[in-house]
Amino acid sequence: MKKQSLVSLAFTSLLAAAVLAGCGTGNQPGTGQPAGTPQSGQASGGTKVLNMATSADYKPYEFHDLSSGKDEIVGFDVDIANYIGKKLGYEVKVTDMNFDGLVPALQTNRADFVMAGMTPTPDREKNVDFSTIYYDAKNTIVTKKESSLTKPEQLAGKKIAVQLGSIQESAAKELATSTAPGLQITSLNKTGEIVEEVKTGRVDAAILEDTVAKGFVESNPGLQYTTIQSDEKNGSAIAFPKGSPHVEEFNKVIKEMQENGEMDKLIKKWFGQ
Ligand code: ARG
């Protein structure tokens, strides 16, 4: 084959790839979405892309890992997403945003799914669809070591920090109108900021999930956490835009992972249990 035809062949396949890229299942031509809006499409290798949104401040669920010299979002949720993606033939692209922006990102189709240690709640279920729950968690009170604050009712009149838009924020609001009157709530975007507030003493305590609190306490020896006794479990599930075609296929793979030991393997890897 002559050199010239090789070049034109390469050009033709490039064109074909570009055309294909416009035809991904999740693409919505004519929706007036601005260019560059992430949405599912076709990756260069022909694999379909699913955009996952998260709030990467939630070790070990999702966090920025800089140890390799580059900034990578890794964690339990990311591993699950990649496993499911691989099983179903999708490449998963992860975008970091603030936690309270995640549901809106689904509602405007800027993400195909959210994995962020997110708990299905009746309120959220009005706006998004959830997969089955893949992991359970409990709330804890995080304080400085010298603090004797360990029970929700002791929070009356105290200052507390929680994540904006989280169920911990709702729990704090609930406490303020019930067992802990006078509770002052500071809502922040990232969990790192919340822990910083506790460390500097600008707040008396924070409410965080057990596994996340454990990690923060391990890396900040001046802190402690106490699990809040409650029958309520805060499971994590994957969230999708309402009516998403992906819920069912994701649920199938979650079930598979629970049966074939893959989920336990990842729980051991990230939570060490
Ligand atoms: N489970 C809690 C919720 O759904 C908190 C999740 C926070 N996740 C995060 N990636 N920061 O509200």
Side-chain angles (χ1 to χ4, degrees), residues 53-64 73 75 77 95-105 107 114-124 127-128 137-230 232-236 239:
T54 192
S55 173
D57 62 341
Y58 222 51
K59 195 176 178 181
Y61 291 87
E62 46 265 329
F63 57 101
H64 288 268
I73 298 176
D77 284 345
T95 307
D96 187 13
M97 52 183 82
N98 288 337
F99 188 76
D100 78 323
L102 293 172
V103 167
Q107 290 178 291
V114 160
M115 282 189 89
M118 188 181 271
T119 309
T121 64
D123 250 7
R124 289 176 183 156
N127 299 314
V128 299
K138 284 188 169 160
N139 280 342
T140 72
I141 297 177
V142 179
T143 61
K144 285 196 198 176
K145 259 219 170 102
E146 60 268 24
S147 166
S148 55
L149 258 179
T150 54
K151 295 200 182 76
E153 54 272 23
Q154 294 174 314
L155 292 171
K158 298 280 196 271
K159 291 189 186 132
I160 200 166
V162 287
Q163 185 159 40
L164 185 66
S166 69
I167 56 165
Q168 288 71 29
E169 184 187 43
S170 314
K173 285 182 178 161
E174 168 84 33
L175 281 174
T177 59
S178 56
T179 38
L183 175 64
Q184 296 166 58
I185 305 164
T186 306
S187 300
L188 299 166
N189 277 323
K190 294 287 179 190
T191 54
E193 302 165 348
I194 294 170
V195 170
E196 214 42 48
E197 292 296 292
V198 178
K199 280 166 69 182
T200 56
R202 278 192 293 267
V203 299
D204 302 294
I207 302 182
L208 283 174
E209 266 167 33
D210 46 4
T211 47
V212 176
K214 181 168 175 265
F216 276 118
V217 167
E218 274 165 14
S219 49
N220 296 281
L223 298 180
Q224 63 178 7
Y225 73 97
T226 316
T227 305
I228 300 175
Q229 294 312 324
S230 149
E232 208 178 287
K233 268 198 209 150
N234 307 322
S236 297

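Computed from a predicted structure; not experimentally measured.
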*Which heavy-atom pair separates Ser55 from Lys190 by the least distance, and what is that distance?*
OG-NZ, 3.1 Å
*asked:* When you compare the side chain of Lys138 with that of Ile228, does any pair of heavy atoms fall below 4.5 Å?
replied: no
*Do Lys151 and Thr226 have side-chain heavy atoms sitting under 4.5 Å apart?*
no
_Value rounded to 0.5 Å, distance of CD in Gln168 from OG1 in Thr119_ = 6.5 Å
*Using atom types as modelled and distance alone, determine if a side-chain donor or acceptor of Asp96 lies under 3.5 Å from a backbone N or O of Ala56.*
yes
*Spacing of CG belonging to Leu188 relative to CG belonging to Asp100, to within rounding of 0.5 Å*: 11.0 Å
_Rounded distance (nearest 0.5 Å) linking atom OG1 of Thr121 with atom CG of Asn234_ = 10.5 Å
*Would you say Thr140's side chain and Leu208's backbone share a donor-acceptor pair under 3.5 angstrom?*
yes
*Do Met97 and Val114 have side chains that get closer than 4.5 Å, going by heavy atoms?*
no
*Given side chains that start at C-beta, do those of Ile160 and Val203 come closer than 4.5 Å, heavy atoms only?*
no
*Are Lys145 and Leu223 side-chain neighbours, meaning at least one heavy-atom pair lies under 4.5 Å?*
no
_I'd like to know whether CD of Glu232 has more than 12 heavy-atom contacts from other residues, nucleotides or ligands below 6.0 angstrom._
no
*asked:* For a quick test of reading the model, state the closest non-hydrogen atom pair linking Asp57 to Asn189 and the distance between them.
replied: OD2-O, 3.8 Å
*asked:* For Ile194, is there any backbone N or O sitting under 3.5 Å from a side-chain donor or acceptor partner on Gln163?
replied: no
*If you take all heavy atoms of Ser187 and Glu169, which pair is closest and at what distance?*
OG-OE2, 2.5 Å
*Passes side-chain contact (heavy atoms from CB on, under 4.5 Å), Phe99 versus Met118? Steps please.*
CA-CA 9 Å; Phe99 188 76; Met118 188 181 271; 3.9 Å; yes
*What pair of heavy atoms forms the shortest contact from Asp77 to Ala116, and how long is it?*
OD2-N, 3.4 Å
_Heavy-atom pair with the smallest gap, counting every atom of Glu62 and Met115_ = OE1-O, 3.3 Å
*Do Val142 and Phe216 have side-chain heavy atoms sitting under 4.5 Å apart?*
no
*Donor-acceptor under 3.5 Å (Asp204 side chain, Lys159 main chain)*: yes
_Nearest 0.5 Å, please: how far is OG in Ser147 from CD in Gln154?_
7.5 Å
*How about Leu155 and Leu175: do any of their side-chain heavy atoms sit closer than 4.5 Å?*
yes
_Distance, nearest 0.5 Å, that separates NZ of Lys144 from NZ of Lys199_ = 10.5 Å
*Taking all non-hydrogen atoms of both residues, which atom of Glu209 and which atom of Gly117 are closest, and how far apart?*
OE2-O, 4.3 Å
*Are the side chains of Tyr61 and Thr211 in touch, meaning some heavy atoms are under 4.5 Å apart?*
yes
